Undergrad: 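Mind having a look at this structure? Questions to follow.
In the text below, chain A, chain B and the rest are named by the order of the sequence lines, each starting its count at 1. Everything numeric in this text was worked out from a predicted model, so none of it was measured.
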There are 2 protein chains.
Amino acid sequence: MTEVAEGQFRAGSLSHRVPELGALELLLAVARLGSLGGAARELGITQPAASSRIRSMERQLGVALVDRSPRGSRLTDAGALVTDWARRIVEAAEAFDAGAQALRDRRDSRLRVAASMTIAEYLLPGWLLALRAQRPDTAVSLLAGNSAAVAERLLADEADLGFVEGVSVPTGLDSVVIAHDNLIVVTAPGHVWARRRRALSGAELAATPLILREEGSGTRQVLDSALGGLARPLIELSSTTAVKAAAVGGAGPAVLSELAVGEELSMRRLVSVPLADVSLARDLRAVWPTGHRPVGPARDLLALTRG
Amino acid sequence: MTEVAEGQFRAGSLSHRVPELGALELLLAVARLGSLGGAARELGITQPAASSRIRSMERQLGVALVDRSPRGSRLTDAGALVTDWARRIVEAAEAFDAGAQALRDRRDSRLRVAASMTIAEYLLPGWLLALRAQRPDTAVSLLAGNSAAVAERLLADEADLGFVEGVSVPTGLDSVVIAHDNLIVVTAPGHVWARRRRALSGAELAATPLILREEGSGTRQVLDSALGGLARPLIELSSTTAVKAAAVGGAGPAVLSELAVGEELSMRRLVSVPLADVSLARDLRAVWPTGHRPVGPARDLLALTRG
DNA sequence: ATGGCGACATAAACTGAACTTATGACAGAG
DNA sequence: CTCTGTCATAAGTTCAGTTTATGTCGCCAT
């Protein structure tokens, strides 16, 4: 009976209202296996521990999650919903883990990857997850920087495989295009541009103050060159996340990589504005020192990125 | 010195390698405020606690995250990267919380929402987050079910606002289209269809065995009617998540709501196959009992969904 | 210079949540 | 009618995270 006043706590941080990761993993295991004891075994804890953990999660959320019977346990309707939300958290945690694992082994690992920021943030954790599923023993290291830094690492033999975004390939490197990244114009759903039917012209874009990354950033370079150096900043922010936040908040239109806003678009927190006569596409390339074709784990990772 | 053998633990569950939510929140606060003590104050803990928490997170990840100086604390390069991954987790947790909060207050709340599964899973948590930012005191309840169940609740005055996906509006309800959901054909990046240039025809789609939701599900109904009842199942699975997993694993092409695969697409775990002469669009509608135009919080929520 | 302020570090004692071990109760299958 | 699976309950233990209380370092204003 400790949670009587539920509903008017002091902006209590999330961690008091959202179960911790271990509990969410347990819930997913229960959903998959249909048994508390089975899930417990899989996670290497005892059955009473699992039971108690699920129970305290139910108390915390104020909703019954599983129907327990002497024949096993099934999710309730609410439980199924909660499990789906939990899965999102666990997936984000897996990406975190994959990235962190790579970061941790920076020094002493076997596959050393150097990548530009956008790729390192949004794409690599997923690829590393897949690579680990395929070759669990490979220790991967990750270094993030701009194109020049990536090239430098590769040429100094401090990295085995690199990933860059941008139009030109640094000299001394061979490359393969692995994907195309489009910069897109996005606004909050309430913005006038969200209701446009006709596509936006380059001139209109150049004439409108935009929320942008700072000068010198990769995305900014692509935009400036496509527009002839004319992009007019409404605000300049130093991280993709800050730009997204400003756009979601309705500060104005922003130009961002579609990789960075996949979720915001599908959740309709942001809306993409079609563009007519300007192409903001750029290639994402895997790169390596000329002649040193990737072998071993580097080759596997490369294969993964190309599907 | 307990973590000597780091790197070869027994498939150790995530929770041992990923810091818990509270620590991630703390990290975000430090990133934002530039100070350990400040972040501690914001989260309602003491400064040594914050320091120790960050430190143990650094030990856990094996990477320095913040540069501590007598003048404040800034993120290291690795710290910035980790913070971005952490933010994804925290965002997922916020969506979880928004949904759970609604679920919890099912009985005694002021705004009662009934929604179909896809909307409840993928869209509503985001909307509720926005609603709570705007009207923090509104207690929201959520019931998920199929279109008929939604209609029933509304007509019985057990819900104030409903959301349904599908072609027809149940009788007795007024509605507004709030968004369009497209079913799309997706495959793993390795599948032959991922390399097609020409769009897929309806006949080809009907002739190919697909990974599908079970008969009776909303997505299956739309597909069957668009194809004239001809969809040929390769496997039938009972949840969107299972279909996604099978498709990502390369089992074959799947047909899914674009809402369900936004992230997979932007991460290139799945690729969308363009479709030529078939339209798999369906409207997402807000619904309410004829004549009872939404007022108060229901009206606010409705406004949010339309941007 | 020199106090004062703000930031972080260190040490020791405390608290509590979550685990384990050990057992009991219930349902269905052979 | 016992055997095997399931979950529940109880009591004891462990350990991570917290607080309180101090120490150190750099910066700034007087």
Undergrad: Not counting sequence neighbours, which residues clear side-chain contact (heavy atoms from CB on, under 4.5 Å) with B:T46? List them please.
TA: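 For B:T46, the residues satisfying side-chain contact (heavy atoms from CB on, under 4.5 Å) (neighbours in sequence not counted) are B:P48, B:A49.
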Undergrad: Whole angstrom is fine here: how far is it from CD1 in A:I54 over to P in C:dC19?
TA: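 The distance from CD1 of A:I54 to P of C:dC19 comes to 11 Å, rounded to the nearest Å.
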Undergrad: Distance only, no hydrogens: is a donor on one side chain within 3.5 Å (strictly under) of an acceptor on the other, for A:R213 and A:T240?
TA: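 Yes.
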Undergrad: Given C:dT10, is OP1 or OP2 found less than 4.0 Å from the side-chain N or O atoms of B:R68?
TA: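 B:R68 to C:dT10 OP1/OP2: no side-chain N or O under 4.0 Å.
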Undergrad: Does A:M57 have any side-chain contact (heavy atoms from CB on, under 4.5 Å) partners at least two apart in sequence or in another chain, and if so, which?
TA: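 For A:M57 the side-chain contact (heavy atoms from CB on, under 4.5 Å) partners, ignoring immediate neighbours, are A:P19, A:A23, A:L24, A:L27, A:I54, A:L61, A:L65.
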Undergrad: Counting only side-chain N and O atoms of B:S51, is one of them less than 4.0 Å from OP1 or OP2 of C:dC8?
TA: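 Answer is no, no contact under 4.0 Å.
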Undergrad: Show every salt bridge (Lys or Arg N to Asp or Glu O under 4.0 Å) that has at least one partner inside residues 60-75 of chain A, sequence neighbours left out.
TA: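 Non-adjacent pairs meeting salt bridge (Lys or Arg N to Asp or Glu O under 4.0 Å): A:E58-A:R68.
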Undergrad: Would you say B:S69 places a side-chain N or O within less than 4.0 Å of OP1 or OP2 belonging to C:dA7?
TA: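 Result: no.
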Undergrad: Any base atoms under 4.0 Å from A:R74, or only sugar-phosphate, or nothing? Heavy atoms, all strands.
TA: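 Nothing, no nucleic acid heavy atom in range.
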Undergrad: For A:D67 and C:dA27, what is the distance between atoms CG and P respectively, to the nearest whole Å?
TA: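 Checked: the CG to P distance equals 15 Å.
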Undergrad: With sequence neighbours excluded, tell me which residues meet side-chain contact (heavy atoms from CB on, under 4.5 Å) with B:A242.
TA: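 Checked B:A242 against side-chain contact (heavy atoms from CB on, under 4.5 Å); matches are B:L237, B:S239.
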Undergrad: How would you list all residue pairs meeting salt bridge (Lys or Arg N to Asp or Glu O under 4.0 Å) that involve residues 234-245 of chain B, not counting sequence neighbours?
TA: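 Found B:R220-B:E236, B:K244-B:E264.
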Undergrad: Between B:Q60 (side chain only) and B:H16 (backbone N and O only), is there a donor and an acceptor less than 3.5 Å apart?
TA: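 Such a contact is found between B:Q60 side chain and B:H16 backbone.
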Undergrad: Pair up each side-chain donor or acceptor in residues 79-86 of chain B with any protein partner under 3.5 Å, not counting sequence neighbours, and list the distances.
TA:
| from | atom 1 | to | atom 2 | distance (Å) |
| --- | --- | --- | --- | --- |
| B:T83 | OG1 | B:G79 | O | 2.6 |
| B:D84 | OD1 | A:T241 | OG1 | 3.0 |
| B:D84 | OD1 | B:R87 | NH1 | 3.1 |
| B:W85 | NE1 | A:E121 | O | 3.4 |

Undergrad: Nearest whole angstrom, please: distance from the C1' of C:dT20 to the CZ of A:R41.
TA: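 These atoms are roughly 16 Å apart.
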Undergrad: Using a strict heavy-atom distance below 4.0 Å, which residues from residues 30-38 of chain A are in contact with DNA chain D?
TA: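 Hits under 4.0 Å, by residue number: A:S35, A:L36, A:G37.
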Undergrad: Could you state the CG-C1' distance from A:L43 to C:dC19, rounded to the nearest angstrom?
TA: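 Rounding to the nearest Å, CG of A:L43 and C1' of C:dC19 are 14 Å apart.
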Undergrad: Can you tell me how far C1' of C:dA17 sits from NE2 of A:H16, to the nearest Å?
TA: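 That distance rounds to 13 Å.
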Undergrad: Of the candidate nucleotides D:dA8, D:dG5, C:dG6, which contains the atom at the shortest distance from the side chain of B:P70?
TA: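 It is C:dG6.
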Undergrad: The criterion is side-chain contact (heavy atoms from CB on, under 4.5 Å); which residues satisfy it with B:A93, sequence neighbours excluded?
TA: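 B:A93 satisfies side-chain contact (heavy atoms from CB on, under 4.5 Å) with A:L14, A:V18, A:I89, B:L21 only.
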Undergrad: Please list, for nucleotides 17-21 of chain D, all pairs of protein and nucleotide N/O atoms separated by less than 3.5 Å.
TA:
| from | atom 1 | to | atom 2 | distance (Å) |
| --- | --- | --- | --- | --- |
| D:dT18 | OP1 | B:R53 | NH1 | 3.4 |
| D:dT19 | OP2 | B:T46 | N | 3.1 |
| D:dT19 | OP2 | B:T46 | OG1 | 2.6 |

